[in-house]
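Take a look at the structure set out below.
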There are 2 protein chains.
Amino acid sequence: MGRRPRESTKAEELEVACRTLGVPLTIQRRVVLETLAARDDHPTADDVWEAVRVRMPDVSRTTAYRALDTLVGLGLAVKICHPGSSARYDAKTRRHHHLVCAHCERVFDIDVPALDKLALPNDKSFEVTDYSVHFRGVCAACKEES
Amino acid sequence: MGRRPRESTKAEELEVACRTLGVPLTIQRRVVLETLAARDDHPTADDVWEAVRVRMPDVSRTTAYRALDTLVGLGLAVKICHPGSSARYDAKTRRHHHLVCAHCERVFDIDVPALDKLALPNDKSFEVTDYSVHFRGVCAACKEES
DNA sequence: CTGCCTGCAAACGATTTGCACCAGC
DNA sequence: GCTGGTGCAAATCGTTTGCAGGCAG
């Protein structure tokens with residue numbers, strides 16, 4: 001799955017989102033977003049920080065955390081959770097789903113086109129904007145090991 | 001939503017699971033499970049601990065954490081995650097789905113029978129045992145407030 | 001009787017916060 | 001120029017761990 005994400009698009013989205021919401025567009029946020037968008041795994045905030053430091057050695061860890069949080073608020077990234085460990089981030093905006101290993105607790109992306117157009121529940125008291133399906137199970141590595 | 005869950009069923013499940021896996025069946029585990037099963041929200045480990053202390057003032061927080069973890073291992077509870085805060089537990093074993101508020105980050109249960117029999121992906125390298133759908137959106141309280 | 005479980009307190013790691021300075025608008 | 005973002009270091013919060021005694025099998 002080595003397709004190249006169009007980073008320029010992400011940068012544009014960021015620009016628009018910042019302008020719309022009156023949020024200053026800083027270099028740090030731009031780099032954090034690009035770094036995140038370039039990855040297909042689900043990096044932790046710390047992972048992102050370390051990757052960002054390659055290009056910007058002076059960013060503080062705190063800023064990485066804050067920038068990620070801001071990006072989530074702007075709708076340009078998603079924060080996903082992972083029992084037993086730290087939060088993970090994902091810049092994928094296209095719909096996709098997750099395989100969560102019940103043993104090693106790792107999270108894998110999975111594309112299941114058939115699940116991409118589920119009907120959203122019409123709950124009046126909750127406005128649904130998006131969804132994803134979390135499959136639980138055992139990954140290959142853990143299956144082998146047991 | 002004040003219906004009474006059949007706690008005896010949960011206790012039986014616990015007994016069977018403990019025997020099967022050779023895990024000692026302690027009072028603490030029983031009480032933790034009953035406490036968790038009696039709730040419809042998604043309590044934190046700490047929430048569970050406080051609720052358990054009403055009946056067993058001497059349980060330590062550590063034990064609550066460990067018992068919850070054990071129950072997850074036994075398949076009698078599920079640990080769910082909640083960005084920005086602590087892990088949450090759920091004793092519901094029947095399939096259900098979640099509404100996650102993007103604003104207050106609270107998690108609500110939702111029953112959507114139509115989503116209960118999705119086809120599991122036939123990925124050879126990942127053995128899927130269960131799934132749930134996470135809907136993201138804005139809950140009533142947050143919608144009103146903004 | 002033996003081993004796992006429990007309780008306690010301290011350790012740990014991820015994330016947040018307060019404050020002074022600097023950059024975007 | 002004003003507002004809000006950044007960097008630093010310390011604080012905070014949830015969770016885990018090591019060890020001594022107790023209970024389930």
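What's counted below: heavy atoms across the whole structure, side chains too, no hydrogens, waters or symmetry copies. Letters A, B, ... mirror the listed sequences (proteins, then strands); counts begin at 1. Computed from a predicted structure; not experimentally measured.
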### Verify same cluster id: B:Ile110, B:Val107 (apolar side-chain graph, 4.5 Å)
no
### Interatomic distance, B:Leu74 CG vs C:dC4 P [rounded to whole Å]
15 Å
### Query
Applying ring pair (Phe, Tyr, Trp, His ring centres under 6.0 Å), which residue pairs with at least one partner in residues 12-39 of chain B are found, sequence neighbours left out?
none
### Summary
Contacts of B:Arg106 meeting side-chain hydrogen bond (donor to acceptor under 3.5 Å, both in side chains) (sequence neighbours excluded), chain-then-number -> none
### Query
Tell me: CE of B:Met56 to C1' of C:dC5, nearest whole Å?
12 Å
### Task
Figure out the CG/P separation between A:Leu21 and D:dG5, and round it to whole Å.
12 Å
### Query
For the pair made of CD1 in B:Ile80 and P in D:dG14, what is the distance, rounded to whole Å?
17 Å
### Task
Using a cut-off of strictly less than 4.0 Å between a heavy atom of the residue and any atom of DNA chain D, enumerate the qualifying residues of residues 58-69 of chain A by number.
A:Asp58, A:Val59, A:Ser60, A:Thr62, A:Thr63, A:Arg66
## Note on the structure
The side-chain hydrogen bond (donor to acceptor under 3.5 Å, both in side chains) partners of A:Glu15 (sequence neighbours excluded) come to A:Arg19
### Query
In whole Å, what is the span from the CH2 atom of B:Trp49 to the C1' atom of D:dT16?
15 Å
### Task
State which residues pass side-chain contact (heavy atoms from CB on, under 4.5 Å) with A:Val59; sequence neighbours excluded, sorted by chain then number.
A:Gln28, A:Val52, A:Arg53, A:Met56, A:Thr63
### Task
Would you kindly give the CG-to-P distance between B:Asp46 and D:dT12, to the nearest whole Å?
17 Å
### Results of side-chain hydrogen bond (donor to acceptor under 3.5 Å, both in side chains) for A:Asp69 - residues two or more places apart only
none
### Task
Check whether any side-chain nitrogen or oxygen of A:Gln28 sits under 4.0 Å from OP1 or OP2 of C:dA23, and answer yes or no.
no
### Query
Taking CG from B:Leu71 and P from C:dC5, how many angstroms apart are they, rounded to a whole number?
12 Å
### Task
On the 0 to 90° scale, with breaks at 30° and 60°, tag the A:His97-A:Tyr131 ring pair as parallel, tilted or perpendicular.
parallel
### Query
Who passes side-chain hydrogen bond (donor to acceptor under 3.5 Å, both in side chains) against B:Ser125, sequence neighbours left out?
B:Asp123
Polar atom pairs (N or O), protein with nucleotides 21-25 of chain D, under 3.5 Å:
none

### Query
So which pairs with a foot in residues 56-76 of chain A pass ring pair (Phe, Tyr, Trp, His ring centres under 6.0 Å), sequence neighbours left out?
none
### Query
In degrees rounded to 10°, what angle is found between the helical axes fit to the five outermost pairs at each end of the helix from C:dC1-D:dG25 to C:dC25-D:dG1?
50°
### Query
Can you list every pair that meets ring pair (Phe, Tyr, Trp, His ring centres under 6.0 Å) and has a residue in residues 24-48 of chain B, with sequence neighbours left out?
B:His42-B:His98
#### Entry: Residues forming a salt bridge (Lys or Arg N to Asp or Glu O under 4.0 Å) with B:Asp41, sequence neighbours excluded
B:Arg39
### Task
Mind calculating the distance between OH (B:Tyr89) and P (D:dG14) to the nearest angstrom?
13 Å
